[in-house]
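Here the structure is a predicted model, which means the values were calculated and not measured. In each ligand, atom 1 is the first atom listed, and ligand 1 is the first ligand listed.
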Amino acid sequence: METKEQYLLEAKNLSKYFPVKNFFGKTIQQVKAVDRVSLSIKRGETFGLVGESGCGKSTLGRTLIRMYEPTDGTLTYDGDDITKIKGKELLSYHKRMQIIFQDPYSALDPHQNVREIMAEPISVFEKLSEKEMEQRIVGLLEKVGMKADDMGKYAYEFSGGQRQRIGIARALSVHPEFLLCDEPISALDVSIQAQVVNVLEDLQKELGLTYLFVAHDLSMVRHISDRIGVMYLGKVVESGESDEVYDNPCHPYTQALLKAIPIADPKRALSLEQFGMKGELPSPLHVPSGCRFHTRCPYAMDLCRQQEPELEERTPGHLVACWKK
Ligand SMILES: Nc1ncnc2c1ncn2[C@@H]1O[C@H](COP(=O)(O)OP(=O)(O)OP(=O)(O)O)[C@@H](O)[C@H]1O
Ligand code: SF4
Ligand SMILES: [Mg+2]
């Protein structure tokens, strides 16, 4: 039986809108990047977040770790309401929630060597002597499969996979509990993607970390995630245990995404149209009425155009937002 304490992070009706301003600085429109999303992430699990480019995955992830201030809704971390916290209080949660970026090259300062890159976040939270700092950094580098000698080198001296390892070590340097992994392997060569995933999996086991893993590659997400959420135009439209969602996808959008996984030829472009899904992702400036997927859904009915379906439990733990049963 699940208890509330199992959840490390809980979002209720969480929204993040970006204002679009005119020449005079007046807000004329809102980009509804995340629109009333409710989801819970359990302590120690990997929650995978998938969906097309521009559907709001990074914005949701960044709002969940309070890199962005929510526009609306509530956000609870380890039982505490962190929706509106600021300043020192917010900083204390940023120590607990860290991020690994997609592109390790642009995330690492080219003017700093590895020692400086790693010392920066540590110094925000702890006063360590030179020796203690060095020991901490060597320990972190070894955890991600790098060597003490690497401390004096600069980002350009490493391969993409090594840079991502440094990015992971940097995120771990302040002992976080929760890591937002925002497409951490998509910029890497296929041959080294699995190595970086293995590093993340080993660290999770060793340190008891909780991951929110954002990705385009649905086959990789199944492999790494305990549960997944499928996002469409700012909304989570389906979520549940990974195997359950992959084996029994209920939302027409999830069904199209899964059919489009290029199994036979990994280089084949992801084409959703051939699976009955029409057109392109609408703009989050003009979210369609009712079910926001109705403009592309092959099963759309009148009800779909008029009323928005909420997430409902189809089987235990498997939630779907769709009128078609
Ligand atoms: N800082 C911002 N200001 C204005 N609009 C933004 C901002 N960040 C994101 N958006 C918009 O919000 C929407 C969601 O973007 P987001 O980057 O979260 O999507 P994503 O699912 O992570 O896409 P990708 O898979 O390409 O990384 C997009 O329409 C994007 O243009
Ligand atoms: S609610 Fe209607 S339009 Fe939306 S996904 Fe379900 S069937 Fe398609
Ligand atoms: Mg993104």
Side-chain angles (χ1 to χ4, degrees), residues 11 14-22 27-37 39 48-65 67-71 99-103 106-107 180-187 212-218 220-221 228-239 249-259 270 272 275-312 314 319-325:
L14 194 72
S15 297
K16 180 64 192 173
Y17 300 165
F18 295 108
V20 178
K21 300 192 172 172
N22 69 7
T27 300
I28 45 168
Q29 274 179 311
Q30 309 254 41
V31 178
K32 296 187 171 178
V34 173
D35 202 9
R36 288 171 291 121
V37 166
L39 66 81
L49 196 58
V50 297
E52 279 164 289
S53 182
C55 70
K57 303 178 296 296
S58 297
T59 306
L60 175 58
R62 288 169 183 219
T63 311
L64 288 173
I65 64 167
M67 259 174 89
Y68 293 156
E69 188 168 356
T71 307
I99 179 168
I100 300 170
F101 295 94
Q102 172 175 5
D103 179 358
S106 58
L180 164 58
C181 308
D182 193 352
E183 310 227 26
I185 55 165
S186 32
L212 175 61
F213 196 96
V214 175
H216 275 109
D217 180 343
L218 271 84
M220 176 57 81
V221 175
I228 68 157
V230 180
M231 252 190 121
Y232 184 77
L233 204 57
K235 269 274 197 225
V236 171
V237 295
E238 181 157 8
S239 71
C250 294
H251 197 283
Y253 180 61
T254 315
Q255 290 168 355
L257 277 185
L258 287 175
K259 281 187 198 143
L270 188 98
L272 294 167
F275 301 106
M277 206 165 91
K278 300 169 271 181
E280 308 244 305
L281 186 71
S283 161
L285 281 171
H286 307 287
V287 175
S289 62
C291 169
R292 58 194 63 207
F293 186 57
H294 84 252
T295 53
R296 303 172 79 190
C297 180
Y299 310 104
M301 317 167 260
D302 282 345
L303 175 63
C304 306
R305 286 177 267 275
Q306 287 150 13
Q307 235 175 295
E308 180 158 38
E310 294 299 328
L311 278 175
E312 277 179 7
R314 291 280 172 96
L319 306 174
V320 186
C322 175
W323 293 121
K324 183 171 92 60
K325 301 285 183 248

Verdict with reasoning, S15 to D35, per side-chain contact (heavy atoms from CB on, under 4.5 Å): CA-CA 5 Å; S15 297; D35 202 9; 4.1 Å; yes
Steps toward ring pair (Phe, Tyr, Trp, His ring centres under 6.0 Å) verdict (H251, Y232): CA-CA 11 Å; H251 197 283; Y232 184 77; 7.6 Å; no
Audit row: E238, R314, salt bridge (charged side-chain N to carboxylate O under 4.0 Å, His left out) steps and yes/no: CA-CA 10 Å; E238 181 157 8; R314 291 280 172 96; over 6 Å; no
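Side-chain N or O atoms of T71 include one that pairs as donor or acceptor with a backbone N or O of Y17 at under 3.5 Å. When atom types are taken as modelled, the side chain of K32 and the backbone of G234 share no donor-acceptor pair closer than 3.5 angstrom. Here the side chain of H294 pairs a donor or acceptor atom with the backbone of C291 at under 3.5 angstrom.
Within 6.0 Å of the CD atom in E312, the count of heavy atoms belonging to other residues, nucleotides or ligands does not exceed 12.
Nearest heavy atom pair, residue M231 against residue Y253, reads O-CE2, 3.3 Å.
Within 4.0 Å of ligand 1, protein heavy atoms come from F18, V31, A33, E52, S53, G54, C55, G56, K57, S58, T59, E183, H216, P284.
Listed by chain and number, the protein atoms of type N/O/S under 2.8 Å from atom 6 (Fe) of ligand 2 are C322 SG; waters are omitted.
Of the options V287, V20, T59, a side-chain contact (heavy atoms from CB on, under 4.5 Å) to V31 is made by V20 and by none of the others.
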